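Please read the structure below before turning to the comments.
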Amino acid sequence: MANTHPWVLGLTGGIGSGKSSASKFFAELGIEVIDADLVARQVVEPGSPALNAIVKRHGESILDTNGALDRSKLREIVFSDNSEKLWLNNLLHPLIRTEMLDQLARAQSPYVILEAPLLFENGLEKYCQRTLLIDVQLELQLTRTCERDKLTLDAARAIVAAQMSRSNKVKKADDIISNSGTLAALKSKVQGYHYSYLKRVKLHSCADKQQ
Ligand code: ADP
């Protein structure tokens with residue numbers, strides 16, 4: 001049965017901060033994770049009404065050889081044309097929001113995680129009872145990102161620069177995990193927060209029942 005009032009934890013952090021690693025540890029504890037980036041890709045899957053609308057507007061050349069959306073081509077178009085960017089956002093944002101809220105409501109775990117690198121940038125914290133930031137110093141963030149994505153240092157720096165500053169995220173987050181240690185240390189911090197969230201969820205559901 002769908003949980004129409006799920007207790008949602010927003011999980012965020014800059015690129016390479018360790019969000020996916022933290023999510024994996026939460027998932028091992030039985031917590032379902034909805035990935036906002038994945039939802040954004042799902043709504044433009046081949047055959048979807050949104051992809052059909054994009055093809056109608058930009059022609060078949062917006063598709064790759066497999067019939068999937070050529071994201072880099074679309075990015076080029078919206079990068080140089082603000083009205084196209086607006087059109088695309090008006091099309092996709094409501095669809096992404098509906099799909100995301102549906103997936104959150106379908107979750108069966110005691111609470112559910114919404115993982116989004118741009119949680120604060122896109123105002124998604126309004127769907128969350130609490131937010132958790134995975135935080136790491138810039139140097140480590142760059143090294144880990146370069147290693148994982150085989151990027152140059154400059155390319156990694158450019159991506160970090162386009163995201164909200166670390167200090168702003170720190171101000172906005174309810175909880176912060178510093179991921180400057182080992183993966184084992186991250187895992188144990190995740191476990192600690194997991195038990196604190198279970199307690200909060202219990203209190204939340206007691207309060208709901210009393211209403
Ligand atoms: P994000 O999802 O925030 O982009 P990831 O969880 O993918 O970040 O982490 C980025 C890279 O750094 C991955 O290759 C991951 O295995 C590695 N990593 C994350 N946390 C640690 C850690 N504490 N120690 C060593 N490597 C880490």
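All ligand and atom numbering here is 1-based and tracks the order in the structure. The model shown is predicted, which means the values in this text are computed figures rather than measured ones.
- With hydrophobic clusters built from ILVMFWY side chains whose heavy atoms lie under 4.5 angstrom apart, L186 does not share a cluster with L140.
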For each nitrogen or oxygen atom of ligand 1, which protein N/O atoms lie closer than 3.5 Å, and how far apart are they, rounded to 0.1 Å?
residue  : atom   : partner : partner atom : Å
ligand 1 : 2 (O)  : S20     : N            : 2.9
ligand 1 : 2 (O)  : S20     : OG           : 2.5
ligand 1 : 3 (O)  : S17     : N            : 3.2
ligand 1 : 3 (O)  : S17     : OG           : 3.3
ligand 1 : 3 (O)  : G18     : N            : 3.0
ligand 1 : 3 (O)  : K19     : N            : 2.9
ligand 1 : 3 (O)  : K19     : NZ           : 2.8
ligand 1 : 4 (O)  : G16     : N            : 2.8
ligand 1 : 4 (O)  : R148    : NH1          : 2.7
ligand 1 : 6 (O)  : S20     : N            : 3.3
ligand 1 : 6 (O)  : S21     : N            : 2.9
ligand 1 : 6 (O)  : S21     : OG           : 2.6
ligand 1 : 7 (O)  : R148    : NH1          : 2.7
ligand 1 : 8 (O)  : G18     : N            : 3.1
ligand 1 : 8 (O)  : R148    : NH1          : 3.4
ligand 1 : 20 (N) : N179    : ND2          : 3.0
ligand 1 : 23 (N) : R144    : NH2          : 3.4
ligand 1 : 23 (N) : N179    : OD1          : 2.8
ligand 1 : 23 (N) : G181    : O            : 2.9
ligand 1 : 23 (N) : T182    : O            : 3.4
ligand 1 : 24 (N) : R144    : NH2          : 3.2

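- Shown here are the salt bridge (Lys or Arg N to Asp or Glu O under 4.0 Å) partners of D135, two or more places apart in sequence or in another chain: R166.
- Under the ring pair (Phe, Tyr, Trp, His ring centres under 6.0 Å) criterion, the residue pairs touching residues 144-196 are Y111-H194, Y193-Y197, with sequence neighbours excluded.
- Note on E32 versus R106: no salt bridge recorded, every NZ/NE/NH1/NH2 to OD/OE distance being 4.0 Å or above.
- S23 and E115 share a donor-acceptor pair across their side chains, judged by distance under 3.5 Å alone.
- Judged as a ring pair (Phe, Tyr, Trp, His ring centres under 6.0 Å), not a single pair has a partner in residues 52-101 (not counting sequence neighbours).
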